[in-house]
Each structure stands twice: as C-alpha cells, then as structure tokens.
Number of protein chains: 2
Amino acid sequence: MDTLTVLQRIVPELKDVLERRYTLLRAVRTFGPVGRRTLTSELNISERTVRSELDILRAQGLIETGSSGVRLSREGEIVLSRLDEMARKLYDLAAVEQAMAAALKLQRVIIVPGDSDADPGVKRDMAQVTAAYLRSILRDGDILAVTGGTTLAQVAESFPGESFNRRVTVVPARGGLGEDIKIQANTIAVRLAEKLGGSYRLLHAPEDVLPCYVEQILREPRIRDVIALSRRADVLLHGIGTAEEMARRRGFDDETTMDLIARGAVGEAFGYYFNAQGEIVYTTASVGLRLHDLANIARVVAVGGGRSKAWAILAVLSTGRCHVCITDEGAARKVMRLKARTQIEGGVTDDDQDWD
Amino acid sequence: MDTLTVLQRIVPELKDVLERRYTLLRAVRTFGPVGRRTLTSELNISERTVRSELDILRAQGLIETGSSGVRLSREGEIVLSRLDEMARKLYDLAAVEQAMAAALKLQRVIIVPGDSDADPGVKRDMAQVTAAYLRSILRDGDILAVTGGTTLAQVAESFPGESFNRRVTVVPARGGLGEDIKIQANTIAVRLAEKLGGSYRLLHAPEDVLPCYVEQILREPRIRDVIALSRRADVLLHGIGTAEEMARRRGFDDETTMDLIARGAVGEAFGYYFNAQGEIVYTTASVGLRLHDLANIARVVAVGGGRSKAWAILAVLSTGRCHVCITDEGAARKVMRLKARTQIEGGVTDDDQDWD
DNA sequence: AGCAGTGGGACACTTTCTGTCCCGCCAGGC
DNA sequence: GCCTGGCGGGACAGAAAGTGTCCCACTGCT
C-alpha cells in the first residue's frame, strides 16, 4: 500500500480535488498563457471554480499571472512533471508499455494516463508527448513524413514554439481527404515545418481517387517527386483510423461499408483496411505512401488513442510495419485485452463486453 | 520531491485534514472503543467535527462502531500503521535516531513524530511505543525496575491489556515523592505488573528524606530488599526530569533552586542533578536506586519528550549510563542542536533562541 | 480603432459546515 | 434490578464556504 493509496483512504475527497487541479495544471501547460474563460470552456469546470482553483495554485507558486493569462511557473513545471510521473506509477503504465511492446513486437510504446474518449485533455497530452518524442529523435537533415488526422493535427498544434535548430523536411505522406482543412496531411506538414523551423513540401493530390486515374496522377512530376521523397523519409508519423471512421471520411456508401465490416475490417492506415490480425482485407486505390514503402523507413511512429480505437490500433500494429506506438491508457489496456483474447480464440469476437 | 510533498503542494488544504484525521485515528487506537464526546474533550476538535470525521472514516471502513463507541477496524490498524511510517519518513526520523544514538553513544534511540509540549497525543504515542518496546525486550523471569513520573505513568496506562505470558517482576526503583499517587514509582510498578501479568514489590519509603535518616531507612529490611532487587534488575525504565520541575516536586526553596541553576543544573535522574555535560552538580540524599547502580543493569531505558525537556534529556543521556532512549521529535531535534552547540562552545548558552 | 481575451470586483444564491441541543439506548456498577 | 454515564443518532438554526453570473477596466494584437 503506497503513499497515495493510504492518503486516498483517509482523505477520500482528495481524489476530486487532485484530479481537478491536475487537469487544470495540464491545461495551463498546454494552452500557455491562458485566461480563466478559455479554461472554463476547454475543461468541464465552471468559471468560478476555475478562478478559485487558480487562486490556490497561484498562492502555491505553481502558476504565474501575466497580462495575457496564467502560465506555469518554473516550479509549477517541476511539480506537474512529478504529477505526471505519479499518474504513470499509479496506473503502472511502464509495465503496460513493456507488455505491449513485447506482444506487438514494437521497439517502443509510450502510454499517457487516461482515455481520450472520456477526456479531451488526454488527447492533448498524447499530442504533447508525441511532439516531445519527435523533438528527441529528429536529427539535422532528416525527412519527416506525416499523414492526416485529428490526432496528428493536434500534435502539430501542441508542438512547442521554441526554435528547433535542426533542419527537417516535412513531407505529407498522403493526399487530401475530405473537407476539413485542419486535418489534411498537407496542413499538418506545413504546421510542423513551421514549428520545427524546417521546410516542407506539399502533395497536391486527392487521397481517394478512381482507380483508373491513379497512374495518371502518379505520373505528374511534382506529385511523383513528393511521394518519392516520403519514401525516403527517416521518420514516418502516422495516425490510426477506425475502419468505420475512415469509410465515412472516404464517403463509402452503405453497401461498401457493410462489405468492409463483413470482411472483419477494424483499422485503417495508408488506404488499407486491416482485420484484427493485421491482414489486409480491403485496399483503396489511393495516392501517397503505400504499406510496402514502410519497409524502407527506419522509424515508423503510430499515434492514436481512446479505447474506441483499440481494435484499429491492434490491427495496424499487427501489420508488423510499425516501430513505435504512442497511445493512451484506455486504448493500450484494451488493446492488450483484445490481443490476449484473439490469440486464444483465434478470431474476432464481440466487442461490447469490453466497455466496462 | 516525494509524493507527499507534491500533493501538499497542489492540495495545501490536505495538511489540515490529514493531521486532523491522523490525530483522530491515533486517539481511537489509544482509547480503544470510545465515544465522540470523549474524543472531543481529549483532542482539540469540536464534537460536530469529530462526528463528521468519524462518519467519513467509518465510510472508509477504517473504524467500526460498537455499542460502546468506535474502535479501529482491522484495516484501520493497517492504514494507521502505514500513516505512522509515513510520518516517520516525512520527518526523516530514522536519520535523527541514528545521529542521536551516535552522538550520545546509545545503543538505540526511538523517536515518535511530533512534540509532547504542543500535542498531548504525542506523549501518548511515546508511551505506547515505550510499552511496545518493553513487550519486545522483556523475557521470562526478568526484573523490571521503574521510576516515577507522568510519562512513565502513561506508559503503564497505555500498556495493552492482552495477556503477556512472561513472568516479570516489577520493582519500583525510587521512593515516594509528592502527593500525586498516579505518578509514584510504586503505583506505576503495580500498574505495569498488572498489565504484564507479573508480580510486583513495593518500596515503602519516601524518596526525599533528611540526610541523617537515610542510613536508618536503608537498614529497614523490607526497604533494603526491594532496593537490592532493583539493583539486580535486567531492565530499568526511567523518566527524565527537568531540574526546575524536580526541584519543585521536591519542594526546594527558592534559594536552593537558584543555587541549582547557578551550578548549571538542567536535568535530574535518581536524585542527582546534572549539567548539560552530564556531570553531577547536586546530589540529594534519597532513597532508591543510585547512579552507580546503573552500571550493573544490562538495559537502561530513558523515556522523555517535549522540547522543553531537551536540556534535561541531553544532561541525563550525557552521563553515559543509558542504553536506550525513547523520546519525541521535538525533543530529539533540539537535543541534537544543543549537543552540536555545546560541543563547539564548550558550555551552556542561552536557550531562548532555540524556541523557533 | 476595434476586438478578443485578460484579471479582478461584486453580489446574491446555494451548499456545506458547525455548534448545540435533545433523545433513546445499552452496559457496567452498585 | 435499577441507575447512571457514556454511547450514537436526529435535528436545526446560524455561520461559513463555495458557486454562478454579472460588470468593468485593461492590454496586446490586427
């Protein structure tokens, strides 16, 4: 029985307060100098409460108040990082990371506490951790290929603004898909390049295209060049999509979607749909990096969280093409349960009972 | 920065709650099945608050409510013992114990957190720890000699009632002193013998006596026998008195008291007054065990706490006659500071500045 | 100059806490 | 076998703390 457990036992109300302030501190860390109303709308805490809590945290010297809002003080950063460690310890995430890396033959797994499905703050944390990881591995002259998606968009946003003195070329690995400009690979590449202080290329092509036009598009020099560049990437950062979500984004009709589901598709990446064993069950004619290209890339980093994405994560990681996975606790634990189950039963079973 | 420190930082109000409940739990442990009004009068917490807190602790399963009041549940005992450990760790008492043992050449030092001067609960804790220590060292057939004093009286009271199947003879090491029956060595010996399930002897003699009568009294067979028995004790448990307090109990007049102070007397034991170096500066003609008798006793245990007794403790332990000291944090830390200072300056200095 | 976002003041309203009763119950002592 | 002292629980008003919701003046950016 460790310290925290004992404390929670004799001071049960500690949990609420602790969680609230931890959330608040993380939000302050993420949003930089930020005001109480922004925090209120971002978190699920009323304005007055945010205010009271900030007063306390300020009195403790953990945050500082500038003209444009509050931000973490130096000490606040230290305390918060200790809180991060505590959360990791509390949920024993290091053990889950190792187990998951072993089970899925990954070089490294990074898990942030929480569940993106339940708490948007967790997705932000995941994005920040991913950004920090990128900073730690990117070297001068590296080529970084990125895909689209909401998670990766957040990674780009939460990249710290401080200058990063390594010249990195960011190249989109996939064409454009859907109408939301924020989550396009192109946009993310630009944003990341800005934050990294590097250069970028744009892939002026749609992601989903009729099969008959694919070859024609790929002959286009500027497109061909960008794709070729992405094949030579040193690091590939890609999101993980659920089969349903990606079918929707691609505007699949009901029939095709039903077909996908019938084939056992649960995850998507690079225009391929995979079943839980990581086998390709459906292929789209698409523009951008393809699965076999990944074999030449030294470091393939998959990012995605939320327990609703667990099947998709399991599927994509099971392809054996990824080296690193950054996810959250909700997803990771479910992935491990699913993995154990599919190994025993040798197939996909009903999902529902896992939503406890 | 450990868990508790971090938590106290982001949840500063934790301290109050934690201390209150810890105090409450300790009181429940000490007073066995006890009601809320008794707790109220014993601690400095209002009835309503005690009630609310007890409700919470009960909801947590840490205490149980019987017909005669609340008592610790099995789990409560476990949690409370973990809290004890935490308190010790928090104040790094193990380190102080070792430092003090080394500085004063003691076999063992046991320190309980807190300060008896500020919190009567600490004195109870000290008494309980002493009782537990006694239980752990007393062997079948042992002779236990005890002196008087408020602290030792509390040790006897807080001795657990459970049968202790080792035959121990408890013998008072000092004669009667003053009017308070509870703190006489005789009373304490009886009480302890009852709790231990052993036998006892009584010393029917006054402690302070005119010098001319001492020899006469010592010729009395029943008195002589008891004193002889105490000389052969296996364990001696004795309190530590401040020079001022013991002068008052002996009814010294102002002149004698001034004389004592002028000689640098700060501590008292066995009718001797010591200066800070442990040198005898005043001797009373008294009935009971004398200082030189201690040389033959295998285990001399000194008990006393509260920072106001620090000088006295330093003095008595400096005689080099004690093997074990049980005290509290307030006293221990001050003793160590005084020890360091007197070693440097080679003498006694003003005490006041130490009351921070 | 306008705007969007900031902190702080204010204040009424709600919830929680707290002090202080009273009551009926039960066990241990006479 | 009754008495009494200590027990828990109910109750309730008043105090204190917390909360929702305004307004206002300021500032940095566009």
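Numbered from 1 within each chain, the chains take letters A, B, ... in sequence-line order.
- A salt bridge does not link A:Glu85 with A:Arg88: every distance from a Lys NZ or Arg NE/NH1/NH2 to an Asp or Glu carboxylate oxygen is 4.0 Å or more.
- The side chain to side chain contact (heavy atoms under 4.5 Å, CB included) test with B:Arg29 is passed by exactly one of B:Leu24, B:Leu80, B:Ile63, B:Val34: B:Leu80.
- Distance, A:Arg71 CZ to D:dG28 P: 12 Å, rounded to whole Å.
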Contact state string [nucleotides 18-30 of chain C, B base, S sugar-phosphate only, - no protein heavy atom under 4.0 Å]: BBBBB----S---

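- With rounding to the nearest 0.5 Å, the separation of CZ in B:Arg307 from CG in B:Asp117 is 8.0 Å.
- Shown are B:Leu138, B:Leu192, B:Ile188, B:Val190; of these, the side chain to side chain contact (heavy atoms under 4.5 Å, CB included) with B:Val170 is made only by B:Leu192.
- Note: CG (A:Asn44) to P (D:dG20) measures 11 Å, nearest angstrom.
- Separating the CD atom of B:Glu53 from the C1' atom of C:dT16 is a distance of 13 Å, rounded to the nearest angstrom.
- Annotation: side-chain contact (heavy atoms from CB on, under 4.5 Å) contacts of B:Arg21 (sequence neighbours excluded): A:Ile10, A:Val11, A:Pro12, A:Glu13, B:Val17, B:Glu53, B:Ile56, B:Leu57.
- One can place CG of A:Asp55 at 15 Å from P of D:dA17, the figure rounded to the nearest angstrom.
- As rounded to whole Å, 12 Å separates atom C1' of D:dG8 from atom CD1 of B:Ile63.
- Taking the side chain as every heavy atom from C-beta outward, B:Arg135 and B:Phe159 approach each other to under 4.5 Å.
- The CG atom of B:Leu39 sits 8 Å away from the P atom of D:dG8 (whole-angstrom rounding).
- If you measure from atom CG of A:Leu54 to atom C1' of D:dG18, you get 15 Å, rounded to the nearest angstrom.
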